There are 2 protein chains.
Amino acid sequence: MTESKVPDIIIGRMPMYLRALTRMAEEGKTITSSQELGTRLGLSSAQIRKDLSQFGEFGKQGTGYNIDFLAEQIRRILKVDGLWEVALIGIGHLGTAIANYGGFVDRGFQVAALFDNQPDIIGKQIGRLTVQPMQTMVEEIRHKKIRIAMITVPAKVAQQVADACIEAGVRSILCFAPTSITTPKGVRVEYSDPVLHLQRMTYYLQS
Amino acid sequence: MTESKVPDIIIGRMPMYLRALTRMAEEGKTITSSQELGTRLGLSSAQIRKDLSQFGEFGKQGTGYNIDFLAEQIRRILKVDGLWEVALIGIGHLGTAIANYGGFVDRGFQVAALFDNQPDIIGKQIGRLTVQPMQTMVEEIRHKKIRIAMITVPAKVAQQVADACIEAGVRSILCFAPTSITTPKGVRVEYSDPVLHLQRMTYYLQS
DNA sequence: TAGATTGTTAATCGATTAACAATC
DNA sequence: TAGATTGTTAATCGATTAACAATC
């Protein structure tokens with residue numbers, strides 16, 4: 001009966017809180033407050049307390065929040081206290097940069113398989129991984145029980161690659177191609193398109 | 001008196017509309033409707049009509065919207081009908097991928113200067129650009145009157161790089177480092193952190 | 001014309017904020 | 001203790017949706 005669903009918009013802010021807490025810990029801090037977190041993130045302290053209260057009581061009146069403790073709770077809530085294997089499809093410039101990126105593992109993710117369909121890219125070695133041909137993708141994702149894919153292919157083929165990923169069992173897709181893709185219920189998509197962010201800012205610039 | 005400010009959240013959706021329209025045009029379509037756009041983007045048709053009505057009347061009753069015309073209007077509204085020069089700071093794996101990315105120009109942006117502080121990276125040639133040392137950054141950005149920067153440096157130095165950019169005249173920053181940065185009023189920041197997107201989706205996955 | 005779709009209004013829904021008792 | 005900050009309630013604010021006259 002207290003089973004009310006946490007709003008998506010709050011789930012969307014939790015990773016920001018986790019990131020800020022991680023930075024604070026790196027800076028050697030051990031305690032923070034909703035006020036301090038809010039200032040860092042440009043949010044009100046009330047909003048941060050309200051958001052966190054959706055999941056439990058993590059603070060102490062008069063003192064604030066223990067940074068390590070709160071970070072650990074948020075990791076547990078978001079289920080990033082383990083390590084998710086992620087498939088990466090499209091090993092061009094961007095895909096290569098992502099495959100080489102060292103910042104995934106300590107935030108809960110590991111690139112576990114690379115795919116492309118270009119003959120000159122297949123077989124390429126990146127770290128401990130070898131780029132595999134697209135034809136093997138569905139079987140490989142299914143076999144490894146991978147649930148998350150990052151798609152860095154051209155916009156034109158993003159939908160069909162996404163479809164294949166979903167067929168193979170993927171349930172979360174991070175799409176880097178500048179296009180929207182449609183997915184059946186139960187499959188989430190998020191988009192990472194830097195140009196979208198740039199275009200959001202030019203409106204406010206005086207040309 | 002009708003000078004009411006357009007909500008940020010609507011400005012944030014306009015680039016999505018533009019991207020969808022561009023894809024439709026590529027597919028050879030010439031006309032669309034709020035209904036069709038909504039289906040593609042996962043939004044209600046009412047919301048799309050309401051958003052567009054903030055800026056004018058772009059459609060025809062009974063017919064819908066001319067895709068090329070509406071796209072052009074949105075480009076004008078967002079001020080991406082020209083070409084903004086952008087500085088890119090931090091030429092590691094990700095910075096290199098971004099410098100090589102071909103998808104900026106036809107969406108209103110051009111990477112116009114590259115900076116890094118690593119001796120083995122300075123002088124590197126990417127396309128028609130040469131990586132310049134950080135020491136020259138402020139002068140160079142000021143001289144070229146660049147207003148937009150993309151920051152792909154480690155989190156630890158992101159704030160100081162941002163500060164230098166702002167000193168040089170930058171007013172919009174796209175931060176790829178996994179950290180929040182604070183800026184004075186009048187300077188906008190957006191963040192591109194793929195891990196944030198991934199962490200938003202794991203909550204909904206059954207582990 | 002008949003059918004379709006816009007632009008807009010009013011109603012609904014949901015998110016944010018202000019305020020404060022509880023308490024460390 | 002006195003000061004500080006939480007968790008929560010109620011009030012406010014803003015965004016979304018439903019509905020429809022206007023009209024192509």
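Chain letters run A, B, ... following the sequence lines, proteins first and then strands; every chain starts at 1. Since we're looking at a predicted model, the values are computed, not measured.
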Non-hydrogen side-chain atoms of B:I126 and B:I91 separated by less than 4.5 Å
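Heavy-atom side-chain distance check passes, below 4.5 Å.
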Minimum-distance nucleotide to B:E57 side chain [options: D:dT8, C:dT5, C:dT8]:
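Within the option list, the nearest is C:dT8.
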Under a 3.5 Å cut-off for both distances, is D:dT12 Watson-Crick or wobble paired, and to whom?
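C:dA15 is the nucleotide pairing with D:dT12.
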Nucleotide forming a Watson-Crick or wobble pair with C:dC20, both distances under 3.5 Å:
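Across all strands, the one nucleotide that pairs with C:dC20 is D:dG7.
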Tell me the interatomic distance from [X], atom [atom1], to [N], atom [atom2], rounded to whole angstroms.
{"X": "A:L52", "N": "D:dG7", "atom1": "CG", "atom2": "C1'", "result": "10 Å"}
{"X": "A:D8", "N": "C:dC13", "atom1": "CG", "atom2": "C1'", "result": "15 Å"}
{"X": "A:I31", "N": "D:dT6", "atom1": "CD1", "atom2": "P", "result": "11 Å"}
{"X": "A:I48", "N": "C:dA15", "atom1": "CD1", "atom2": "C1'", "result": "15 Å"}
{"X": "A:K5", "N": "C:dC13", "atom1": "NZ", "atom2": "P", "result": "16 Å"}
{"X": "B:D51", "N": "D:dT16", "atom1": "CG", "atom2": "P", "result": "7 Å"}
{"X": "B:Q35", "N": "C:dG3", "atom1": "CD", "atom2": "C1'", "result": "15 Å"}
{"X": "B:Y17", "N": "C:dT6", "atom1": "OH", "atom2": "P", "result": "13 Å"}

Between A:Y65 and D:dA4, is there a contact of a side-chain N or O with OP1 or OP2 at under 4.0 Å?
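Answer is no, no contact under 4.0 Å.
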If you look at every heavy atom in [X] and [Y], which pair is closest and at what distance?
{"X": "B:R200", "Y": "A:I11", "result": "O-CG2, 3.9 Å"}
{"X": "A:D116", "Y": "A:G92", "result": "OD2-N, 4.1 Å"}
{"X": "B:I89", "Y": "B:M137", "result": "CG1-SD, 3.5 Å"}

Counting only heavy atoms from other residues, nucleotides and ligands, does the tally under 6.0 Å from NZ of B:K144 exceed 12?
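Check passes, neighbour count above 12.
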Is it the case that over 12 heavy atoms from other parts of the model lie below 6.0 angstrom from the CD atom of B:E27?
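Correct, the count exceeds 12.
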Using a 4.0 Å heavy-atom cut-off across all strands, classify B:S34 as base, sugar-phosphate, or nothing.
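If one applies the 4.0 Å heavy-atom cut-off, B:S34 turns out to touch the sugar-phosphate alone, with no base involved.
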At under 4.0 Å between heavy atoms, how does the protein contact nucleotides 18-24 of chain D? Give one character per nucleotide, 5' to 3', with B, S or -.
BB--BBB
Honestly, is A:R19 close enough over B:Y191, meaning NZ or CZ under 6.0 Å from the six-membered ring centre and within 45° of the axis?
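Judged by the rule, A:R19 and B:Y191 form a cation-pi pair.
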